Amino acid sequence: MSVEFITTHKAPAAIGPYSQGTRGLKGADTVLVSGQLPIKDGNLVTEVKEATQTSLDNVLAIIEAAGGKLTDIARVGVFVKDIADFDAINEVYTNFFGDHKPARALVQVAKLPKDAVIEIEATALINDSLE
């Protein structure tokens, strides 16, 4: 097998047939994090700013479980229920990442699992030899 499946109790368990995250083996340092709903303490967060923070925290927990850190995040995909929330999401996103600016796509979708307001996925590139 060339893929390691990453699981952490610090983020919600997958609600479908997918992993919280995956990591390539045999020297590959890429970590792919599945879309994270804004679930905190088992509850779906519905207020968009808190939901954005929760989904980002869940993404980071999975990356940290793989041995990475926030600055290893290279790409983020954001799926939103309502594009009118763009500014509110960007406010939280900017505070979360600070000067670190991963590539990002943000798109409105027709519907998200559990009728969530947001879902966030990420790709991290972890390489201790670069530090």
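Being a predicted model, the structure only gives us computed values, none of them experimental.
Under the 4.5 Å side-chain contact rule for hydrophobic residues, I6 and L32 do not share a cluster.
Listed by chain and number, the residues in a side chain to side chain donor-acceptor pair (under 3.5 Å) with E121 amount to none (sequence neighbours excluded). Annotation: side chain to side chain donor-acceptor pair (under 3.5 Å) contacts of D82 (sequence neighbours excluded): none. Residues satisfying the side-chain contact (heavy atoms from CB on, under 4.5 Å) test with K49, not counting sequence neighbours, are E47, A88, E91, V92. Taking the side chain to side chain donor-acceptor pair (under 3.5 Å) definition, one finds that D115 meets it with K81, K111, sequence neighbours left out.
Distance check, rounded to the nearest 0.5 Å: CG of L60 to CD1 of I120 gives 11.5 Å. Between E64 atom CD and D72 atom CG the span is 10.0 Å, to the nearest 0.5 Å. Atom CD1 of I62 sits about 11.0 Å away from atom CG of D57, to the nearest 0.5 Å.
Of all non-hydrogen atoms in A116 and L44, the two that sit nearest each other are CB-CD1, 4.0 Å. Considering every non-hydrogen atom in both T7 and A65, the closest pair reads O-CB, 4.5 Å.
Other residues sharing a hydrophobic cluster with V109 under the 4.5 Å side-chain heavy-atom criterion for ILVMFWY residues are F79, V107, L112.
Counting heavy atoms from C-beta on, the side chains of F96 and L70 come closer than 4.5 Å. The shortest distance between side-chain heavy atoms of L125 and T30 falls below 4.5 Å.
Judged by distance alone, with hydrogens and angles left aside, the side-chain atoms of Q20 form a donor-acceptor pair with the main-chain N or O of A11 at under 3.5 Å. S55 contributes no side-chain N or O that, together with a main-chain N or O of E119, makes up a donor-acceptor pair within less than 3.5 Å. When atom types are taken as modelled, the side chain of E50 and the backbone of V48 share no donor-acceptor pair closer than 3.5 angstrom. Here the side chain of Q108 pairs a donor or acceptor atom with the backbone of I83 at under 3.5 angstrom. A donor-acceptor pair under 3.5 Å is formed between the side chain of N58 and the backbone N or O of I39.
With I89 as the fixed residue, the side chain to side chain contact (heavy atoms under 4.5 Å, CB included) test singles out one of I118, V117, L56: I118.
The side chain to side chain donor-acceptor pair (under 3.5 Å) pairs that include a residue from residues 93-107 are N90-R104, where partners are two or more places apart or lie in different chains.
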